[in-house]
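In what follows, every heavy atom counts, from backbone to side chain, and hydrogens, waters and symmetry copies are set aside. Order of listing sets the numbers, starting from 1, for every ligand and every atom in it.
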Amino acid sequence: MVTWNNLDTLKSYDKLKELKGHVDIKEAMAGENGAKRVAEYTVPMASGLNFNYAAKQVDDEVLNVLAELAEEQQLVDKFEELYNGAVINTGEQRLVLHHLARRQLGKDVIVDGVNKRDFYVEQQKKAADFANKVHAGEITNEAGEKFTTVVQIGIGGSDLGPRALYIALENWAKTNGFDKMEAKFISNVDPDDAAAVLNSIDVSRSLFIVVSKSGTTLETLTNEAFVKDALVKAGLNPSKHMLTATSETSPLAKSDDYLEAFFMDDFIGGRYSSVSAVGGVILSLAFGPEIFARILNGMADEDKLATNKNIKENPDLLDALIGVYERNVQGYPETAVLPYSQALSRFPAHLQQCDMESNGKSVNRFGERVNYVTGPIIFGEPGTNGQHSFYQLLHQGTDIVPLQFVGFKDSQIGTDVVIEGSTSQKKLCANVAAQIVAFACGKDDENKNKNFEGGRPSSIIIGDQLTPESLGSLLAHFENKIMFQGFVWNVNSFDQEGVQLGKLLAKRVLAHDTDGALKAYSDLFEI
Ligand SMILES: O=P(O)(O)OC[C@H]1O[C@](O)(CO)[C@@H](O)[C@@H]1O
């Protein structure tokens, strides 16, 4: 049986606070010591990935206390409660079942007589069957022509994850013959977003998936109407081009305006929903069902590692614990995710929602304000581009920002060129290796303007190539890291009350039900 306690009630946390500044990473990474750490401080992940934390400010003493904290806070036990169907989402009194959508880790989870694993598998098969019929030309447009393009209409978790995963594999799919359909995304209520996509495709050959778990999101419903208007103006019947992915209780579920409806339930939160129909329909249409299945397999293999109570064999838990040490003991408010892979260009954006909408909380799961900091600010861009953008601050700024690099030995397309003795891929990898050492070890210079203090922590997740499996394992790693950190902070990582007020005020503006500052700002836009 688990107990839910605040971080500052734990004896291990008191011990951890005593270890502030305990490791001078500049010293620890110098010379051959550094080489030994790089070899020692690494944990295998799934799908051939490895989590290397040599440049993080930890040693065996810190790691031992982190292991005590994991045990005292019952982190893996709480994960087991979650995947066995406990009501972990206390804010909405819901189960949290996104792991079950990729593979069953524990017991059967039965809700209202329905086996939830069977439900998820059934919806994945429905998406696969539909996609196969579209690819085979069995489902066509009214003129009998094959559909060539699929457009997802959604926002937040109904956009960010699926879009990041599509972009991550788009070139891999083209290189390996899995590019079945072109995919596009409409998310913002800004009319230019939808108009630009509509202007870039042949709407007569396009399918549109209206993706909204709630079925009530203003931007998505507005963009659905925007697209329907374009279809009608093109002389097309929208109901022959529109699909929906929504919860069974949403208003969209009852509409017959759709060629097909795919369902998710209330137990997979939007920011964790790429494994549901939210990601499954568009990825199965774009790449084929087997590729979506391979992503899920990569996720499931990483989830399995997360059930290990030995933190040195559990990369997701270890990364989470080091992040708590950096946030709550070292006092770093931010962290950056820096993938040295252009294909992961939207992955940091997805992690911003996944992490900050999960752990950006100041009350615990019982509604009591906590007296310690919780979720960090997440940002990031692919390398090497970030080096020409915000790395100045990362290297010489007054704030220390812990860094999370991701890198691959091989590119996806394989086209490369040797210039001055090295390929572009080698240049990319050389840069990320160099950055880790530059941040950790710095460079002494009498000219303080040219001095690099070093002592700036980073980790790297490194793999051979970004494939469906390694992408899945990478995504699961961060999802599980966020979950474990939420357990440490005793917050509910699975609701999002903080996004509701803005929506309500926007509705008041549009209904001209405003006063005070709200009216004044509305007047500025002549609404
Ligand atoms: O899928 P829906 O219900 O349209 O919600 C879209 C997004 O809006 C939020 O509810 C708030 O940002 C997210 O949690 C969610 O992913």
Hey, does the Lys NZ or Arg CZ of K116 hover above the aromatic six-ring of F119, less than 6.0 Å from the centre and inside 45° of the axis? yes
If you take the centroid of each ring, where Trp contributes its six-membered ring, are [Y] and [X] closer together than 6.0 Å?
| X | Y | value |
| --- | --- | --- |
| F147 | H241 | yes |
| Y340 | F408 | no |
| F478 | H350 | no |
| Y272 | F494 | yes |
| F287 | W172 | no |

Atoms of ligand 1 close to [X] [distance to a heavy atom under 4.0 angstrom, numbered from 1]:
| X | result |
| --- | --- |
| Q496 | 14 (O) |
| G157 | 15 (C), 16 (O) |
| I155 | 6 (C), 7 (C) |
| G270 | 16 (O) |
| S212 | 1 (O), 2 (P), 3 (O), 4 (O) |

Give me the residue, atom name and distance of the protein heavy atom closest to [atom].
| atom | result |
| --- | --- |
| atom 5 (O) of ligand 1 | T217 OG1, 3.5 Å |
| atom 11 (C) of ligand 1 | V499 CG2, 3.3 Å |
| atom 1 (O) of ligand 1 | S158 OG, 2.7 Å |
| atom 12 (O) of ligand 1 | E357 OE2, 3.1 Å |

Any carboxylate oxygen within less than 4.0 angstrom of a Lys/Arg side-chain nitrogen, looking at E497 and K361? no
Which bit of K213 gets closer than 4.0 Å to ligand 1, counting heavy atoms only: side chain, backbone, both or neither? both
Look at the aromatic rings of F185 and Y166 and report parallel, tilted or perpendicular, splitting at 30° and 60°. tilted
Tell me which one of E497, Q500, K503, E219 gets a heavy atom nearest to atom 9 (C) of ligand 1. K503
